[in-house]
Undergrad: 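Before I ask anything, here is the structure I am working with.
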Amino acid sequence: MQTLEQELSAWMRQAFAAVFPQADVAALPLNVVATTEAAHGDYQCNAAMAAAKLLKLKPRDVAQAIVDQAALPEGVARLEIAGPGFLNFHLAADWLARRLEAVQGDERLGVPAVGQGKTVILDYSSPNVAKPMHIGHIRSTVIGNALDRMHRFLGWRVLADNHLGDWGTQFGLLILGFRTFADAAAYEASPIEELERVYVASYNRSKEDESWKNAARAELVKLQQGDAANRQLWQSFVEHSLREFERVYARLGVKFDLVRGESYYNEKLPGVIAQLQAQGLAEESEGALIVKLEAEKLTPCLVRKSDGGYNYATTDIATVLGRAAEFLPDEVVYVTDERQQLHFKQFFTVCRKLGVTTKLQHVWFGLMRLPEGTFSTREGNVIKLERLLDEAESRALAIVQQTSPEMPPEQQREVARCVGLGAVKYADLSQNPQSLVTFTWDKALALEGNSAPYLQYACARIASVQDKYRERFPGSEPTTQPIKLDDPIERGLGLKLLRFPDVLQRAAENFRPSLLADYLFDLAQTYSTFYQNLPFLKAEAGVRESRVRLCDLTARTLRRGLNLLGIETPARI
RNA sequence: GUGCCUGUAGCUCAACUGGACAGAGCUUCUGACUUCGGAUCAGAAGGUUGCAGGUUCAAAUCCUGCCAGGCACGCCA
């Protein structure tokens, strides 16, 4: 099934080519988009103004020629010219109704599988071993997971890869510190907490004790050279950390197809260097090996340290080469915070020089800050992710207990879990990721207004309506009656429902889940107006069924949309 | 110093990437029937889109210069 925008845009393109065969259609933005205001019709095309310039005609004349000479597209009742040359499409209510009926019969709600046959690798979350996941990790995890779900639904083959920070200099300090400070029982009970404590102690000692620092470096070298004891210890750190990460992921509903840390590409690093050298891309500088990127106006990319060690640019290049060879992806997408922009530009450029043609995309988001500034593990002012989730659930529980005292306690907890986690995720997904974000409890856990619970509430009300309908009209099936869009409120709701496929595609293409979140909130608001202002169970037969059908379609769209954002929708809240 | 990003209602954020009069939520104020779930709805108030120029039919959006904040700029990741 084609989307509305695709259908109308295709018509526009063909109509324009027919009326102005001399024009270069490909160069013009002939797409048709939804209007912002009902007064301007349902969909609009703004191409006449740009086309007029190209054709040396008046914009309104261009628009008029389209209106006069071409047959109207299917479903369009009126095509009008407004302002300087806007083309406003007014759709026929009947046709909209038939279309909604078709969407209702479609499992996919009219969403085309545009990603069919394509593969995308999504690299997100990627926490560091031996450190707790904190509020800084939630954005990558939640945004990455939403992109994962959206692409999957659009038909892509998605490989979500958790590229763990499981290699690097911190392991020298950790290994040495572990042998000196670790408490075995504490490590078993709460591994990351214990590793964190050990790390901080070891780090602090290294600052005042030069020999300690050297010893840590020696342990790191032994690890890198494959020393059995260190290797085993490292393996234990990774496994224990992963166990805890899994607990958080299970809670968040996040699943990875691959968990390949940086260490996975270890043996490939010398080969990457060899390849760079063979192609004459790398050169020595101050004892290190770099790739100059002057033509790209970038600072050099350092691929081997002066001590012979490799750094993360090398690892990331090896990762791309490995992925390209193994999975033949069309795209590789990274979701990280803003600080890594330069790094990604550099190593993407190096990859291209090495002949990688896969589309490489960096989706970045603003670093999470605390009102008093940034936080770091070393400073000890981190807010752990699990604590955030606990707090979210307990705040939600307090509200559920207050508003639904008759609900069994177990169900209250389940509702609070969905509402609390939904609120946290929605808070991150509903805004432009590139803006600065200052963490506050109230913002992260907002439960009213533009928030997940508002959407979940709308779903719950619809479920209730559907129950009551079955109760009062046993044996009736709404779909035996046609959908009618006589009231402007119904029509507005119907129109909005039909926008879902276009919005979803745009959100995925631009890697912006916030577009989907915005749409869902808008849809829920439109539905609430509908719900509050029009009777349905009390409406006459026929109208009643039509409205119940709109309820059903709204619920399915909201549920699907929220599901694609990783947010659950309990039947009762 | 260079590069990237941000600046929109009192507060938190939108604005389909150049489109029509800049929209929501929170807060404040006024209302909501014989009740389908009031975690709701209807309405009011709230703006020189950081500042100054420029580009054009059209600028929050593009260009130039300032101001304020964030981040990054070879051996951490």
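Order of the sequence lines sets the chain letters (A, B, ...), proteins ahead of strands, with each chain counted from 1.
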Undergrad: Sugar-phosphate atoms are those with a prime plus P, OP1 and OP2; base atoms are the rest. Using that split, label each nucleotide of nucleotides 41-47 of chain B B, S or - for protein heavy atoms under 4.0 Å, 5' to 3'.
TA: SS-----
Undergrad: How close do A:R547 and A:P535 get, counting heavy atoms only, and between which atoms?
TA: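 In terms of heavy atoms, the two residues are closest at NH1-O, 2.8 Å.
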Undergrad: Spell out yes or no: do the side chain of A:Q44 and the base of B:A20 have one donor N/O and one acceptor N/O closer than 3.5 Å?
TA: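 Flag set: donor-acceptor pair detected.
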Undergrad: Measuring only the P atom in each nucleotide, how far is B:C26 from B:C71? A whole number of Å is fine.
TA: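 Looking at atom P only, B:C26 and B:C71 are 32 Å apart.
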Undergrad: Between B:U34 and B:U40, how many Å separate the two P atoms, rounded to a whole number?
TA: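 One P to the other, the span is 23 Å.
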Undergrad: For B:A39 and A:R572 - does any side-chain N or O of the residue sit under 4.0 Å from the phosphate oxygens OP1/OP2?
TA: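 No.
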Undergrad: Taking the six-membered ring for Trp and the full ring for Phe, Tyr or His, determine whether the centres of A:Y454 and A:Y457 are under 6.0 Å apart.
TA: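 Centroid distance A:Y454-A:Y457: not below 6.0 Å, so no.
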Undergrad: Hey, is A:F536 stacking on B:C36? Ring centres under 5.5 Å, planes under 30°.
TA: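 So yes, this residue stacks on that base, both cut-offs being met.
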Undergrad: For a stem of at least 3 consecutive Watson-Crick or G-U pairs with distances under 3.5 Å, i pairing with j, i+1 with j-1 and so on, which stems involve RNA chain B?
TA: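 Paired runs of 3+ in RNA chain B: B:1-7 with B:67-73, B:10-13 with B:23-26, B:28-32 with B:40-44, B:50-54 with B:62-66.
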Undergrad: Atom pairs under 3.5 Å, N or O on each side, protein against nucleotides 73-77 of chain B: can you list them with distances?
TA:
{"residue": "B:G74", "atom": "O6", "partner": "A:S285", "partner atom": "OG", "Å": "3.1"}
{"residue": "B:C75", "atom": "O2", "partner": "A:S306", "partner atom": "N", "Å": "2.5"}
{"residue": "B:C75", "atom": "O2", "partner": "A:S306", "partner atom": "OG", "Å": "3.1"}
{"residue": "B:C75", "atom": "N3", "partner": "A:S306", "partner atom": "OG", "Å": "3.1"}
{"residue": "B:C75", "atom": "N4", "partner": "A:E286", "partner atom": "O", "Å": "2.8"}
{"residue": "B:A77", "atom": "O3'", "partner": "A:E262", "partner atom": "OE1", "Å": "2.9"}
{"residue": "B:A77", "atom": "O3'", "partner": "A:E262", "partner atom": "OE2", "Å": "2.5"}
{"residue": "B:A77", "atom": "N6", "partner": "A:Y312", "partner atom": "OH", "Å": "2.5"}
{"residue": "B:A77", "atom": "N1", "partner": "A:Y312", "partner atom": "OH", "Å": "3.3"}

Undergrad: Does the side-chain ring of A:Y457 lie flat on the base of B:G37, meaning centres under 5.5 Å and planes less than 30 degrees apart?
TA: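 So A:Y457 does not count as stacking on the base.
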Undergrad: State which residues pass side-chain contact (heavy atoms from CB on, under 4.5 Å) with A:H40; sequence neighbours excluded, sorted by chain then number.
TA: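 Counting only residues at least two positions away or on another chain, A:H40 forms a side-chain contact (heavy atoms from CB on, under 4.5 Å) with A:T35, A:E37, A:N88.
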Undergrad: Where the side chain of A:Q434 is defined as all heavy atoms beyond and including C-beta, which of B:C21, B:U6, B:C16 is the nearest nucleotide?
TA: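 Nucleotide nearest to A:Q434's side chain: B:U6.
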Undergrad: From C-beta outward on A:N450, which listed nucleotide comes closest to its side chain: B:G25, B:C36, B:A14?
TA: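 Out of B:G25, B:C36, B:A14, the nucleotide with an atom closest to A:N450's side chain is B:G25.
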Undergrad: Measuring from atom CG of A:L520 to atom CG of A:L565, what distance do you get when rounded to the nearest 0.5 angstrom?
TA: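 Between A:L520 CG and A:L565 CG, I get 6.0 Å after rounding to 0.5 Å.
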Undergrad: What do you reckon, is NZ of A:K213 surrounded by more than 12 foreign heavy atoms closer than 6.0 Å?
TA: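 No, because the 6.0 Å sphere around NZ of A:K213 holds 12 heavy atoms or fewer from other groups.
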Undergrad: For RNA chain B, determine which residues of residues 49-61 of chain A have any heavy atom closer than 4.0 angstrom to one of its atoms, and list them numerically.
TA: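 Only A:M49, A:K53 qualify.
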Undergrad: Between the side chains of A:Y310 and A:N266, does any donor sit under 3.5 Å from an acceptor?
TA: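 No, A:N266 and A:Y310 have no side-chain donor paired with an acceptor closer than 3.5 Å.
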Undergrad: Using a 90° cut-off around 0 for syn, call B:U17 syn or anti.
TA: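 Syn conformation for B:U17.
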Undergrad: It should be established whether A:K345 places a side-chain nitrogen or oxygen under 4.0 Å from OP1 or OP2 of nucleotide B:A72.
TA: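 For B:A72, neither OP1 nor OP2 has a side-chain N or O of A:K345 closer than 4.0 Å.
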Undergrad: Would you say A:Q341 places a side-chain N or O within less than 4.0 Å of OP1 or OP2 belonging to B:A72?
TA: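 False: A:Q341 side-chain N/O out of range (4.0 Å or more) of B:A72 OP1/OP2.
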Undergrad: In whole Å, what is the span from the CZ atom of A:R512 to the P atom of B:C16?
TA: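 My rounded result for the distance is 8 Å.
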Undergrad: List, one per line, each side-chain donor-acceptor pair under 3.5 Å for residues 282-293 of chain A, sequence neighbours excluded.
TA:
none

Undergrad: Could you check whether A:R544 makes a cation-pi contact with A:F473, meaning its NZ or CZ is under 6.0 Å from the centre of the six-membered ring and within 45° of the ring axis?
TA: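 Relative to the ring axis of A:F473, which defines the angle, A:R544 lies inside both limits.
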